[in-house]
Amino acid sequence: MIFITVQNLCNNCGFEPLNIPFPNREIKGGYCGDLLSWVMGRAGEDNAWITIMSNINVIAVATLADVSCVIFSEGTRPDDEVLSVAKEKEVNLIVSPLNTYDTAVKISGYINE
Amino acid sequence: MNDELVFHFDVDGEDFTSAGQASVMVKKNLRRLGLSPEIIRRVSIAMYEGEINMVIHAGGGVADVKVMEDRIEIVLTDHGPGISNIDMAMQEGFSTATDTIRTLGFGAGMGLPNMKRYSDTMDIKSTVGVGTTITMTVNIQ
């Protein structure tokens, strides 16, 4: 597995950086899930978290679970309020046009290149 | 660290969008104290789940976090409806959350199990119609 950062991931996988206060943060594996308590309990530190959930609580979960970034799949976008909280809390947010499965496959392909 | 450090938070039961703020504050404070990331993560997750539970089920409550030399104690107190069957509530997947709460991504029935998983001890005292007090400790290694 190569060392990849949030910025590397955006550049190489065609994801849109929505809010990247920490472009050089390392990504160590990933987690897919929309049930917040499930993500909270199972996502690992520095994981890239892929979800279609884009409400305000996602930012709190991302902060507390210490994921390296949130990737909104299916082109999902948070509203302005959520984005502004993410900026304030310095949470990396990315948008992927692909669905959750294809987003994970794309990341896996890049990591294992 | 000889003296105890205590943080107190009022958890607003009306404002679901700000749920998690107390946990984020605790995390920030623990970071300043230089505790290990793993300890901070465990405390943050356990407390967040408790905080969310108070917002979802109890109309808010209070959270007290005490940092001691060998452990961190989190006490969550609410005056909500209480838990009628604690054993059932502790099972993964069991939830009494409404559909509205579920659409926000909560109500997976993982709250209490996560709190137990990420703490070293957890004690639940609950009386139906009176409220619930949950005390968790996380040992500092």
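Considering only heavy atoms from C-beta on, A/Met40 stays 4.5 Å or farther from B/Met110 through its side chain. Residues A/Asn57 and B/Tyr48 have side chains in contact (heavy-atom distance under 4.5 Å, counting atoms from C-beta outward).
In the hydrophobic clustering of this structure, B/Ile74 groups with B/Met122; members are Ile, Leu, Val, Met, Phe, Trp, Tyr whose side-chain heavy atoms approach within less than 4.5 Å, directly or through other members. Following chains of ILVMFWY side-chain contacts shorter than 4.5 Å, one cannot reach A/Ile59 starting from A/Phe22, and the two form parts of different hydrophobic clusters. Hydrophobic clustering, with ILVMFWY side chains joined whenever heavy atoms are under 4.5 angstrom apart, groups A/Val58 together with A/Leu35. In this structure, B/Val130 is not a member of the same hydrophobic cluster as B/Ile86, with clusters built from ILVMFWY side-chain heavy atoms closer than 4.5 Å. Note: the hydrophobic cluster containing B/Ile140 also contains B/Ile40 (ILVMFWY, side chain heavy atoms under 4.5 Å, direct or indirect links).
For B/Arg31 and A/Asp66, the salt-bridge test passes: some basic side-chain N is under 4.0 Å from an acidic carboxylate O. Salt bridge B/Glu92/A/Arg42: present, at least one basic N to carboxylate O contact under 4.0 Å.
With a threshold of 4.5 angstrom between heavy atoms, A/Leu36 approaches chain B through its backbone and through its side chain. The part of B/Pro37 that comes within reach of chain A is its side chain, from C-beta onward, which places non-hydrogen atoms under 4.5 angstrom from that chain. Only the side chain of A/Met53 comes within less than 4.5 Å of a heavy atom in chain B; its backbone stays farther off. For chain A, no part of B/Gln21 is nearby; none of its heavy atoms comes within less than 4.5 Å.
With chain A as the partner, the residue from B/Ser44, B/Gly107, B/Gly20 showing the most heavy-atom pairs under 4.5 Å is B/Ser44.
Enclosure of atom CG in B/Asp70 by more than 12 non-hydrogen atoms of other residues, nucleotides or ligands within 6.0 angstrom is indicated. The number of heavy atoms from other shown groups lying within 6.0 Å of CD1 (B/Ile101) is above 12.
The shortest heavy-atom contact between B/Leu104 and A/Asn55 is O-ND2, 2.9 Å. Here the closest non-hydrogen pair linking A/Ser37 and B/Phe106 is OG-CD2, 4.4 Å. Taking all atoms of both residues into account, the shortest heavy-atom contact from A/Leu64 to B/Arg41 is O-CG, 4.3 Å.
Proximity of a side-chain donor or acceptor of B/Lys27 to a complementary backbone N or O of A/Thr63 within less than 3.5 Å is detected.
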